[in-house]
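We count ligands from 1, going down the list as the structure has it; atoms in each ligand are counted the same way. Reckoned from all heavy atoms, side chains included, excluding hydrogens, waters and symmetry mates.
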Amino acid sequence: MDVFDVIVIGGGLLGCFTARNLARYQLKTALFEAREDLCTGISRANTAVVYSGADTKPGTMKSHMCVQASQNFASLCAELGVRYKPCGSLMVCFGQRGEEILRRKLAQGLANGVRGIRLLGREEVLAMEPHLDGTVRLGLYAPDAGTVIPWEFGLAAAENAVHNGVEIFLNTKVTGIARRTDGYEVHAAGKVFWTRGIVNCAGLQADKILEKVQKPSVRIFPDACDYLILDTKVGGYIRHVVFFEPEDKANRLTLVPTVDGNILIEGGKYSLTGDAFFQTIPASLKQMQTMIASFVPSLPMEHVIRSFGAVRPNPYYVQRDFQSGLYVPIEKEIHSFNILETAENPAFLSLLGIKTPGLTCADELGRYAAERMAAVLQSEVNREFCSHAAAHLRLHDLPLAERVRYIRSHPAYGQIVCRCRNISAGEIIDSLHWHPGAVTLDGVKRRTGAGTGRCQGSFCTLRIMEMLAREQAIPVHLVNKDGPDSYIVQNEKCSYDHEPGKS
Ligand SMILES: Cc1cc2nc3c(=O)[nH]c(=O)nc-3n(C[C@H](O)[C@H](O)[C@H](O)COP(=O)(O)OP(=O)(O)OC[C@H]3O[C@@H](n4cnc5c(N)ncnc54)[C@H](O)[C@@H]3O)c2cc1C
């Protein structure tokens, strides 16, 4: 039986950062992820904003972590070799209700210690964001906000964890947990593992994982929102993360100038029915377009290249309804981070229903979880921990002369596969050997950016499939897009000669 000090359940942002921080201690750590890759859940579909800390209640752990995280974010990204765009954020309003909210958030931000936060009048707002509608009333500027690529951030943390001795088990869904006197038996992927401690980072499933050892006091009631991505052609239209505080509070809208130069638009909020997770809703997309037309009228929406849906893991305290037998919410949403630890299950920590700003605070939350585990399990600091990760080569970020020199000695980097993002065959092949490496098209996309550009993979998909097939020694038609049985090609007659550049 495999034996660990700590098993982290779930390989999203929180699991990856918890694993990384556990490596700071002398703890034999494993990360179990149900899917074939990391960062495929909430962590891949979110707004990608690094929040300044003006939105959260003063005095809460959430505010404290968020302010600290945003102020240290650039150095954390440099440490992990991850790109970060410290563009600042601007919350804008167009009426009385919005103005009151902005003034309240200013006071909140000041109380939380947000650096440089200030209110701006119409002229100043329009000077910073000239494409906003001229009726804008007020802006709340926070220079410490920014944007990052969530999966690039999470995967870097995971690689750093692996580099420091953490073992990652993919395709390893936890199906059972049994409490024993001095630890836990974990059933996953048909095997039994033994561990002294567990950190539950199972995202939308975190309540179900906790339920395996105790009755739930908190459950997740998900809701959803939608996203649009605009092409890099119009990337310059917005320079800051712009949060709109409309008069009708049901109509949310956020614009983000992404690290790759696109604009990401978040909007809509609706409850989920059935299991139609991560899908978009036409009415919500339409409402986003209507809002854009009134707040940023000149934004050329014909340049939308993609839409996607996202799911929020809202945590609520619950009690059992005796008639129906169902757990029903008894209180309003929980506002601080919900980290559950109980005396009946020692060394079992659950990060349950962690929504915004969970991306911003992923390292802080991971550090907190690791410190708790180290304290409970009485572990010493690992003096050999190395916090620095070497960035993966991104050829088009190099100066031209250096690029040319590199390609001369490494010809695969001279074959451009993704023309929209200028990603070479060499970088794609590299991504198959990261720790862990990509095994699906979307895995390659998350690691290299190939397929995220204007053509959304129209030109590069088949060539990347070919490389994946060769690496996995499988026929091309068995290459998956995103998870098991997500085949692009439905017919084995599709064949390629498996030589990069000859598709
Ligand atoms: C719509 C939306 C927008 C957001 N925008 C922002 C933002 O702009 N800025 C910000 O700071 N934060 C933001 N957040 C919050 C942030 O994205 C989340 O806090 C973070 O991604 C949560 O990651 P996670 O690791 O908890 O969950 P996930 O990424 O979902 O990871 C959980 C993992 O657990 C795995 N798993 C589940 N069950 C099992 C099992 N039985 N065995 C093994 N593995 C299992 C899943 O496969 C999954 O990979 C946003 C959140 C949402 C929902």
What's the spacing between [X] [atom1] and [Y] [atom2] if we round to 0.5 Å?
X: Q289; Y: S294; atom1: CD; atom2: OG; value: 12.0 Å
X: N21; Y: R367; atom1: CG; atom2: CZ; value: 5.5 Å
X: W194; Y: I7; atom1: CH2; atom2: CD1; value: 10.5 Å
X: L31; Y: C201; atom1: CG; atom2: SG; value: 8.0 Å
X: E33; Y: C16; atom1: CD; atom2: SG; value: 8.0 Å

Give the single entry among [options] that approaches [atom] most closely by any heavy atom.
atom: atom 53 (C) of ligand 1; options: V311, L352, N314; answer: V311
atom: atom 30 (O) of ligand 1; options: T18, D223, I42, D37; answer: I42
atom: atom 13 (C) of ligand 1; options: V241, T356, T175; answer: T356
atom: atom 26 (O) of ligand 1; options: V8, V186, L14, T47; answer: L14
atom: atom 16 (C) of ligand 1; options: N200, L359, N171; answer: L359
atom: atom 37 (C) of ligand 1; options: P222, A34, G203, A202; answer: A202

Tell me, which protein residue and heavy-atom name are nearest [atom], and how many Å apart are they?
atom: atom 18 (C) of ligand 1; value: I354 O, 3.6 Å
atom: atom 20 (C) of ligand 1; value: S43 OG, 4.0 Å
atom: atom 1 (C) of ligand 1; value: Y227 OH, 3.4 Å
atom: atom 31 (O) of ligand 1; value: G12 CA, 3.3 Å
atom: atom 34 (O) of ligand 1; value: G10 CA, 3.2 Å
atom: atom 4 (C) of ligand 1; value: N46 CB, 3.2 Å
atom: atom 48 (C) of ligand 1; value: E33 OE1, 3.4 Å

Taking NZ, NE, NH1 and NH2 as the nitrogens, is one of them in [X] or [Y] under 4.0 Å from a carboxylate oxygen of the other?
X: E266; Y: R312; result: yes
X: R196; Y: D182; result: no
X: K445; Y: D482; result: no
X: E245; Y: R252; result: no
X: R83; Y: D260; result: yes
X: R447; Y: D37; result: yes
X: K28; Y: D5; result: no

Taking only heavy atoms of [X], which atoms of ligand 1 are found under 4.0 Å from at least one of them?
X: G41; answer: 29 (O), 30 (O)
X: V49; answer: 7 (C), 8 (O), 9 (N), 10 (C), 11 (O)
X: I209; answer: 41 (N)
X: A310; answer: 1 (C)
X: C225; answer: 1 (C)
X: P357; answer: 10 (C), 11 (O), 12 (N)
X: L13; answer: 21 (O), 25 (O)
X: Q205; answer: 37 (C), 38 (N)

Say whether [X], considering both its backbone and side-chain N or O atoms, lies within less than 3.5 Å of an N or O atom on ligand 1.
X: A48; result: yes
X: V174; result: yes
X: R35; result: no
X: K173; result: no
X: I9; result: no
X: L204; result: no

Worksheet item: Is it the case that N171 and E36 place a side-chain donor and acceptor less than 3.5 Å from each other?
Response: no
Counting heavy atoms under 4.0 Å, the part of F153 that contacts ligand 1 is neither
Under 4.0 Å between heavy atoms, the region of C201 that gets near ligand 1 turns out to be backbone
| message | Could you tell me if R179 sits above the aromatic ring of Y184, with its cationic atom closer than 6.0 Å to the ring centre and no more than 45 degrees from the axis? | response |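 Judged by the rule (NZ or CZ under 6.0 Å from the ring centre, within 45° of its axis), R179 counts as positioned above Y184.
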Requested in this report: Classify the angle between the aromatic ring planes of F94 and F244 as parallel (below 30°), tilted (30 to 60°) or perpendicular (above 60°).
Outcome: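 If you compare the ring of F94 with that of F244, the planes turn out parallel.
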Check your understanding: Taking the inter-plane angle between the rings of F308 and Y227 on a 0 to 90° scale, is it parallel (under 30°), tilted (30 to 60°) or perpendicular (over 60°)?
Key ->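 Aromatic pair F308/Y227 classed parallel.
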**OP:** Starting from the C-alpha separation in whole Å, work towards a yes-or-no answer on salt bridge (charged side-chain N to carboxylate O under 4.0 Å, His left out) for E211 and R219.
**Re:** CA-CA 10 Å; E211 214 177 298; R219 276 202 167 228; 2.4 Å; yes
Discussion item. Yes or no: does F17 have any heavy atom under 4.0 Å from an atom of ligand 1?
Written reply: no
| query | Taking the non-hydrogen atoms of T172, is any one of them nearer than 4.0 angstrom to ligand 1? | reply |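 Under 4.0 Å: yes for T172.
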Report task. Determine which pairs satisfy ring-ring contact (aromatic ring centres under 6.0 Å, His included) with at least one residue from residues 46-67, sequence neighbours left out, and list them in order. Result ->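 Applying ring-ring contact (aromatic ring centres under 6.0 Å, His included) to every pair that reaches into residues 46-67, excluding sequence neighbours, yields Y51-F243.
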